[in-house]
Protein chains: 2
Amino acid sequence: MRLTTKGRFAVTAMIDVTMHGVRGPVTLAAISERQRISLSYLEQLFGKLRRHGMVESVRGPGGGYNLARDAGTVTVADVILAVDEPIDATQCGGRENCLDDHRCMTHELWAGLNAHIFSYLGSVTLADLVRQQQQPRGGELAVLQDHRHPAGSAASPEPVTAV
Amino acid sequence: MRLTTKGRFAVTAMIDVTMHGVRGPVTLAAISERQRISLSYLEQLFGKLRRHGMVESVRGPGGGYNLARDAGTVTVADVILAVDEPIDATQCGGRENCLDDHRCMTHELWAGLNAHIFSYLGSVTLADLVRQQQQPRGGELAVLQDHRHPAGSAASPEPVTAV
DNA sequence: TTTTAGTTGACTAAATCGTTCGGGTATTCT
DNA sequence: AGAATACCCGAACGATTTAGTCAACTAAAA
């Protein structure tokens, strides 16, 4: 699970489709203007989103993109995986050919971390994000409150925004 | 919070230092050989880690790197932030100059997502990862079991490993 | 049939990733 | 003192990714 601005652009665009798609398809030109994302870049992203079954396209005048599934069933992980090819952080590629005493330390390590991040991003749907967005000044995600954290040891001085 | 192989290399190297640093400093050459990471790349990473107060260096023969803080207080988020400069996914840069009806939709959206991912990665320490690593065939992180997930909607066909 | 809007492909500048090389400096050992 | 060790620094590199541009195409509606 890679996490870059590319995936964030895709999620932002998908939220736009969700919010403005209640009556008819949403054009990429409209998304481009509202979210300030290059139209041609959106074309690339939505090409992948369409091939991964995230959206459906309607051609011709009045056309655009609709969600292919209900907003409550499309997760952030789905969107990111559609546009961001997964990477393999383990040097053994999942096989057991790592030698000596530390047999594939990175493998199990990142498998666990990946699994959890994936699990979290797979638990947040577009509907969740839209619901949060439509509150006047919500700030935090409601669904996020549902996750507990072991409380200890964090305490980083950096501001949380724009991390 | 960007998530690439660069940060993973850094965390892997830090775990190596934690595991092998119980008696004296750990050389980059040893980490390079054990973890199969380029020595010069390690030098770049540890330069940043040192400047961010993650490790301390000992020069000369018998030298190497030690953890600057206790392994239980160094989180994965700390390490990743040290080597991976943060990105700004919001187009307004945190200020309120985004116009029209959707005032900075991406801003609050990613602020929330970032906050949660940061919160999770900030809750896993090097000590946790080493503890997990030293179990013969542990698999999952124990600390991960402490996080609940709303259960719904995920169901992705992809394997969780190497996401 | 003209316009709209998706579809595809090639192509680009810039940044990042991981690596290699070549020199430094501080410390310890002989 | 001098050699060996190991951190320190910066430049450069090919490969990949990012974000964007351009052009030509097809399907559908007015």
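A quick note: this is a predicted structure, and the numbers were derived from the prediction, not measured. What's counted below: heavy atoms across the whole structure, side chains too, no hydrogens, waters or symmetry copies. In what follows, chains carry the letters A, B, and so on, assigned in the order in which the sequence lines appear, proteins first and then strands, with residues in each chain numbered from 1.
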Of the listed nucleotides ([options]), which one gets closest to any side-chain atom of [X]?
X	options	value
A:T27	C:dC17, C:dG6, D:dT18	C:dG6
A:F9	D:dA19, C:dT16, D:dC7	D:dA19
A:I37	D:dG20, C:dT19, D:dT21	D:dG20
A:T5	D:dC9, C:dT7, D:dA19	D:dA19
A:E43	D:dT21, D:dC22, C:dT27	D:dC22
A:R50	C:dA5, C:dT7, C:dT27	C:dT7
A:Y41	C:dC17, D:dT18, C:dT25	D:dT18
B:D84	C:dC17, C:dA26, C:dC21	C:dC17
B:S40	D:dT18, C:dT20, D:dT21	C:dT20
A:R51	C:dT25, D:dA11, C:dT8	C:dT8

> Are B:Q35 and B:D16 linked by a side-chain donor-acceptor pair shorter than 3.5 Å?
Replying inline: yes

>> Looking at the base of C:dT7, is there any donor atom on it, or on the side chain of A:R59, that sits under 3.5 Å from an acceptor on the other one?
In response: no

>> I'd like to know if B:Q44 reaches the base of C:dT19 with its side chain, counting only an N/O donor and acceptor under 3.5 Å.
In response: yes

Please report the distance, rounded to the nearest Å, between [atom1] in [X] and [atom2] in [N].
X	N	atom1	atom2	value
A:K48	C:dT7	NZ	P	16 Å
B:L28	D:dT5	CG	P	16 Å
A:L3	D:dT17	CG	P	16 Å
A:K6	C:dA15	NZ	C1'	14 Å
A:R36	D:dA19	CZ	C1'	17 Å
A:Y65	C:dT4	OH	P	18 Å
A:L49	C:dT7	CG	C1'	14 Å
A:E56	D:dA27	CD	C1'	16 Å

> How is B:V26 classified with respect to the nucleic acid when contacts are heavy atoms under 4.0 Å: base, sugar-phosphate, or nothing?
Replying inline: sugar-phosphate

>> Using a heavy-atom cut-off of 4.0 Å across all strands, would you classify B:G64 as base, sugar-phosphate, or nothing?
In response: sugar-phosphate

> Hey, does A:Q44 have a side-chain heavy atom less than 4.5 Å from the side chain of A:Y41?
Replying inline: yes

> Taking OP1 and OP2 of C:dT16, is either one under 4.0 Å from a side-chain nitrogen or oxygen of B:T4?
Replying inline: no

> So does B:S57 get a side-chain nitrogen or oxygen closer than 4.0 Å to the phosphate oxygens (OP1/OP2) of D:dC8?
Replying inline: yes

> DNA chain D: A:L39 or A:P61, which has the more 5' nearest nucleotide?
Replying inline: A:L39

>> With side chain to side chain contact (heavy atoms under 4.5 Å, CB included) as the criterion, how do A:D70 and A:T73 come out once you've worked through the C-alpha distance, each side chain's angles and the decisive distance to 0.1 Å?
In response: CA-CA 5 Å; A:D70 186 79; A:T73 70; 4.2 Å; yes

>> Counting the benzene-type ring for Trp, do A:F46 and A:Y65 have ring centres under 6.0 Å apart?
In response: yes

> Just how far is it from atom CG of B:L126 to atom OG1 of B:T18, taken to the nearest 0.5 Å?
Replying inline: 4.5 Å

> On DNA chain C, nearest-nucleotide positions of A:G63 versus B:G62: which is more 5'?
Replying inline: A:G63

> Checking A:D84 side chain against A:L81 main chain: does a donor-acceptor pair fall under 3.5 Å?
Replying inline: no

